[in-house]
Participant: 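A single structure is presented below for examination.
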Amino acid sequence: MLGEVVKFQAPAHHTGVTSRVGTWLGVAFGLCFVTGLLSHGVQHDWPWPTRPVDLYRVTQGVHVISGVASIPLLLAKLWSVYPKLFERPLIRSVPHALERGSIFVLIAASFFELVTGLFNAAQNYPWSFYFPTAHYAAAWIAIGALLLHVAVKIPLIRRSLEPGPETKTILSRRAFLRTTALTTGVAVVATAGVTVPWLRKISVLAWRNDGDLPVNRTAKAANITIPSDWRLKVGEKSYSLPELRAMPQTTHELPIACVEGWSQNATWTGVRISELINAKGDVRVESLEKDGLYRATTLPEAFAQDPLTLLALKLNGEELSPDHGYPCRIIAPNRPGVLQTKWVTSLEVL
Ligand SMILES: Nc1nc2c(c(=O)[nH]1)N[C@H]1C(S)=C(S)[C@@H](COP(=O)(O)O)O[C@H]1N2
Ligand SMILES: [Mo]
């Protein structure tokens, strides 16, 4: 027993270290939670502005990057506190049991969030539940347990962060903190290139980083076949592709910002939705995809009327490729990628 006690006095297990790593983790979790809520909201018809055009790109980038940063921080935090697992008696009182129970919930929910988030970013769905619902629900459990945990620990955190005498163990505590900070920094730099252009070259672990605009769902995967007599339906009217090309065209740059964290700018050319529908109201957008979660979307009126919202026919000066949505697709400012519907076949003002 004595041996254990001595071992657990290693610098990494000092409460000052636990508090500091915990504070960093709390900040990363807080950022991740708030940006995650925004991401949930924009996909569930919460009011969302059309400007700045890059807002969602930034919030979702922060969501994924703070999630990545949380992984090494959580591991360091657990390493710092694991000796507490061996504290006896296991349960001292009812409040103590509740507090320990909430920590178990916190750890379980945090792991669930980080693992499912990571798999999602890697475009890998090895489970049968619907990711956004489960990820969203567990986020509330994690944040609730986290707030309780912080509230209980505040006196201890305060005390442990007060300056004490400079000793040798303080130096090795600092070394543990530096290693944690460095590992976190490396994890961030190695992945943030999915969304931060100037990090693209050094982000060796970044998914979707080959320079071209990534494709999430290919035309083949979506089972797209374009009828030879294809026409875009707009309410009662319809237009052939040559007719769409003959309309006034607008060209500008807008990003695709995927919920998975990657984002990239591209130059789009096409017809303004507002000119095409020539009416006010939300616009129902249907694609040629028969099923699939993202086969259809509703453009709120503010987006439909926005001069930057296009029915795009060209990407970077060339006709849309099948994978990017040929014959035409939606591109709107400040919208998540999942709502930038490809292979559009009808528009209807609601
Ligand atoms: N019809 C349809 N449109 C879709 C999708 C889809 O699965 N079906 N995927 C969306 C997602 S998740 C993203 S990120 C963007 C990606 O556009 P890109 O493949 O042209 O880069 O398309 C969106 N449009
Ligand atoms: Mo996406």
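When a ligand or atom number is given, it counts from 1 through the structure's own listing order.
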Participant: Do the non-hydrogen side-chain atoms of T250 and L310 ever get within less than 4.5 Å of each other?
Facilitator: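 They are in side-chain contact.
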Participant: With backbone taken as N, CA, C and O and side chain as the heavy atoms from C-beta onward, which portion of L213 lies under 4.0 Å from ligand 1: side chain, backbone, both, or neither?
Facilitator: side chain
Participant: Under 4.0 Å from a heavy atom of W343: give me the atoms of ligand 1 that qualify, with their elements.
Facilitator: 1 (N), 2 (C), 8 (N)
Participant: Could you check whether any side-chain N or O of S19 sits under 3.5 Å from a backbone N or O of G16, counting only pairs where one atom can act as donor and the other as acceptor?
Facilitator: no
Participant: What residue among V215, I224, L213 forms side-chain contact (heavy atoms from CB on, under 4.5 Å) with D323?
Facilitator: V215
Participant: Considering only protein heavy atoms, which is closest to atom 16 (C) of ligand 1, and at what distance to one decimal place?
Facilitator: I256 CG2, 3.9 Å
Participant: Just which atoms of ligand 1 are under 4.0 Å from any heavy atom in T341?
Facilitator: 1 (N), 3 (N), 24 (N)
Participant: Start with the C-alpha gap between R100 and I91, add the side-chain angles, then the distance that decides, and say whether side chain to side chain contact (heavy atoms under 4.5 Å, CB included) holds.
Facilitator: CA-CA 8 Å; R100 295 281 100 181; I91 293 173; over 6 Å; no
Participant: Does the side chain of Q43 reach to within under 4.5 Å of the side chain of P132, using non-hydrogen atoms?
Facilitator: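 Q43 vs P132: side chains apart.
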Participant: Determine whether the side chain, the backbone, both or neither of E260 has a heavy atom under 4.0 Å from any heavy atom of ligand 1.
Facilitator: neither
Participant: For residues F303 and R335, determine if any side-chain heavy atom of one lies less than 4.5 Å from a side-chain heavy atom of the other.
Facilitator: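 Yes, side chains in contact.
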Participant: Counting non-hydrogen protein atoms only, what is the nearest one to atom 7 (O) of ligand 1? Give residue, atom name and distance.
Facilitator: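 Of every protein heavy atom, R217 CD, 3.3 Å lies nearest to atom 7 (O) of ligand 1.
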Participant: Looking at R51 and P333, what are the two nearest heavy atoms and their distance?
Facilitator: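 Reported closest heavy-atom pair: NH1-CG, 3.6 Å.
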Participant: In terms of atom number and element, which parts of ligand 1 are under 4.0 angstrom from non-hydrogen atoms of W262?
Facilitator: 14 (S), 21 (O)
Participant: Considering the heavy atoms of S287, write down every atom of ligand 1 situated less than 4.0 Å from one of them.
Facilitator: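 That gives atoms 1 (N) of ligand 1.
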Participant: Which heavy atom of the protein is the closest neighbour of atom 8 (N) of ligand 1, given with residue, atom name and distance?
Facilitator: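 Scanning the protein heavy atoms, the shortest distance from atom 8 (N) of ligand 1 goes to E289 OE1, 2.6 Å.
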Participant: If you have a sec, work out which protein heavy atom is nearest atom 13 (C) of ligand 1 and how many Å separate them, to one decimal?
Facilitator: G337 O, 3.4 Å
Participant: With a heavy-atom distance limit of 4.0 Å, tell me whether H324 approaches ligand 1 through its side chain, its backbone, both, or neither.
Facilitator: both
Participant: Look only at the side chain of H63 and the backbone of T35, and say whether a donor-acceptor pair between them is shorter than 3.5 Å.
Facilitator: no
Participant: Tell me the contacting part of P214 for ligand 1: side chain, backbone, both, or neither, using a 4.0 Å heavy-atom threshold, strictly below.
Facilitator: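 For P214, only backbone atoms sit under 4.0 Å from ligand 1.
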Participant: Would you mind listing which atoms of ligand 1 come within a distance below 4.0 Å of any non-hydrogen atom of R329?
Facilitator: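 This gives 15 (C), 17 (O), 18 (P), 20 (O), 22 (O) as the contact atoms.
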Participant: Taking only heavy atoms of Q340 into account, list the atoms of ligand 1 that are under 4.0 Å away from them.
Facilitator: 22 (O), 23 (C), 24 (N)
Participant: For L146, run the side-chain contact (heavy atoms from CB on, under 4.5 Å) check against V105, L106, L25 and tell me which one passes.
Facilitator: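 Result for side-chain contact (heavy atoms from CB on, under 4.5 Å) with L146: L106.
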Participant: In the protein, which heavy atom is nearest to atom 12 (S) of ligand 1, and how far is it?
Facilitator: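 Protein heavy atom at minimum distance: V338 CG1, 3.4 Å.
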Participant: At under 4.0 Å between heavy atoms, which part of K342 makes contact with ligand 1: side chain, backbone, both or neither?
Facilitator: both
Participant: Would a distance-only check, ignoring hydrogens and angles, find a side-chain to backbone donor-acceptor pair under 3.5 Å from T298 to R284?
Facilitator: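 Not confirmed, T298 side chain does not pair with R284 backbone.
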